Amino acid sequence: MSTIEVQNLSKRFGDTQALEDVSFTIPDGEFVVVLGTSGSGKSTLLRCMNGLTAPSSGEVIIDGTEIHEPHPDTAMVFQQHNIIGQMSAYANALTGSLKRTALLKSLFKRNDKADKYRALEALETVGLLEEAQQSARRMSGGQQQRVGIARALVQEPETLLADEPVASLDPGSAQQVMEYLLTATEEHGLTTAVSLHQVTLAEEFGQRFIGLKQGQVVFDGYADEFDLDVIEEIYEDVNIDQLTGLGRQQEEDNDSDSGTTGVVGV
Ligand SMILES: Nc1ncnc2c1ncn2[C@@H]1O[C@H](COP(=O)(O)OP(=O)(O)OP(=O)(O)O)[C@@H](O)[C@H]1O
């Protein structure tokens with residue numbers, strides 16, 4: 001676990017103010033959902049939190065150390081999981097140990113026993129132990145994303161940053177991946193921040209919510225305060241019924257044969 005302090009963080013890309021004076025602290029072991037419409041600054045925030053993007057001003061401090069480059073104890077999960085299709089789930093998970101094992105050693109499969117054990121344990125955490133030897137290319141998008149999470153866990157991180165990890169998945173797979181992210185956070189004692197488009201998923205899994213609008217924090221609070229007013233504030237110009245699934249529910253009520261779910265993204 002680690003404590004992440006974001007202090008007066010701003011990031012400008014040319015004329016675009018992607019983040020403006022963002023400050024918050026995530027204590028050890030918290031599972032935080034970062035919400036906002038497209039372009040609100042979610043990816044930029046997570047990338048700054050891992051030192052992949054340099055802030056224009058302000059700082060990110062992890063366990064008392066200011067971050068200027070990717071932190072060895074922080075792992076990232078991306079929307080594009082970049083799983084190697086020709087390799088098994090197990091071999092993909094094992095590549096998470098590359099940071100700890102020399103590249104050549106790893107390529108020649110000479111990882112030490114501890115790495116191998118960690119890879120299997122991580123696959124178990126994401127519910128894929130039985131599929132360990134399955135070729136990744138034959139797995140569904142959701143399973144591949146779970147392999148991506150396993151690979152991140154093999155790094156033995158203290159912090160997990162997931163940038164829209166379910167954006168390209170169908171609602172059922174998105175739900176499963178979120179469940180495994182939460183399990184991984186609890187089982188591995190992580191501090192986790194996940195950016196999401198889908199409000200319904202955020203409501204289901206989030207413990208704390210940070211809402212971004214045009215690069216600024218417009219909400220920072222816990223589940224008991226995360227209500228429709230807050231959602232409206234974050235998604236000012238978006239149809240609230242649609243966001244919360246209420247609109248979808250009405251459609252379902254009108255058409256009982258509909259096979260849709262209430263998971264809606266923007
Ligand atoms: N490398 C870059 N160069 C120029 N502009 C950028 C760059 N990265 C992000 N931006 C701009 O910064 C703003 C915030 O982008 P960011 O990707 O952080 O938002 P987001 O909330 O993650 O959006 P999405 O949900 O669509 O991924 C946007 O206006 C975007 O166009």
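Each ligand, and each atom within it, is numbered from 1 in the order the structure gives. Atom set for the values below is all heavy atoms of this structure, side chains included, hydrogens, waters and symmetry mates excluded. These numbers come from a predicted model, not from an experiment.
- Side-chain atoms of Thr159 and His71 include no donor-acceptor pair closer than 3.5 Å.
- The side-chain heavy atoms of Met76 and Leu52, taken from C-beta on, include a pair separated by under 4.5 Å.
- Under the 3.5 Å distance criterion, with hydrogens and angles disregarded, a donor-acceptor pair is assigned to the side chains of Asp163 and Ser195.
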Distances under 3.5 Å, N/O of ligand 1 against N/O of the protein: list each pair and its distance.
from, atom 1, to, atom 2, distance (Å)
ligand 1, 18 (O), Thr44, N, 2.9
ligand 1, 18 (O), Thr44, OG1, 2.5
ligand 1, 19 (O), Gly41, N, 3.2
ligand 1, 21 (O), Gly39, N, 3.4
ligand 1, 21 (O), Ser40, N, 3.1
ligand 1, 21 (O), Ser40, OG, 3.3
ligand 1, 21 (O), Gly41, N, 3.0
ligand 1, 21 (O), Lys42, N, 3.0
ligand 1, 21 (O), Lys42, NZ, 2.9
ligand 1, 22 (O), Ser43, N, 2.8
ligand 1, 22 (O), Ser43, OG, 2.9
ligand 1, 23 (O), Gly39, N, 2.8
ligand 1, 25 (O), Lys42, NZ, 2.9
ligand 1, 25 (O), Glu164, OE2, 2.7
ligand 1, 25 (O), His197, NE2, 3.1
ligand 1, 26 (O), Ser38, OG, 2.6
ligand 1, 27 (O), Glu164, OE2, 3.4

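- Ring geometry for Phe209 versus Phe226: interplanar angle under 30°, hence parallel rather than tilted (30 to 60°).
- For OH of Tyr117, the number of neighbouring non-hydrogen atoms (other residues, nucleotides, ligands) closer than 6.0 Å is 12 at most.
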Side-chain donor-acceptor contacts of residues 142-149 below 3.5 Å, not counting sequence neighbours, with atom names and distances?
from, atom 1, to, atom 2, distance (Å)
Gln143, OE1, Ser140, N, 3.1
Gln144, NE2, Ala136, O, 3.0
Gln144, NE2, Met139, O, 3.2
Gln145, NE2, Phe78, O, 2.9
Gln145, NE2, Pro165, O, 2.8
Arg146, NE, Val126, O, 3.0
Arg146, NH1, Gln176, OE1, 3.1
Arg146, NH2, Val126, O, 3.2
Arg146, NH2, Gly127, O, 3.3

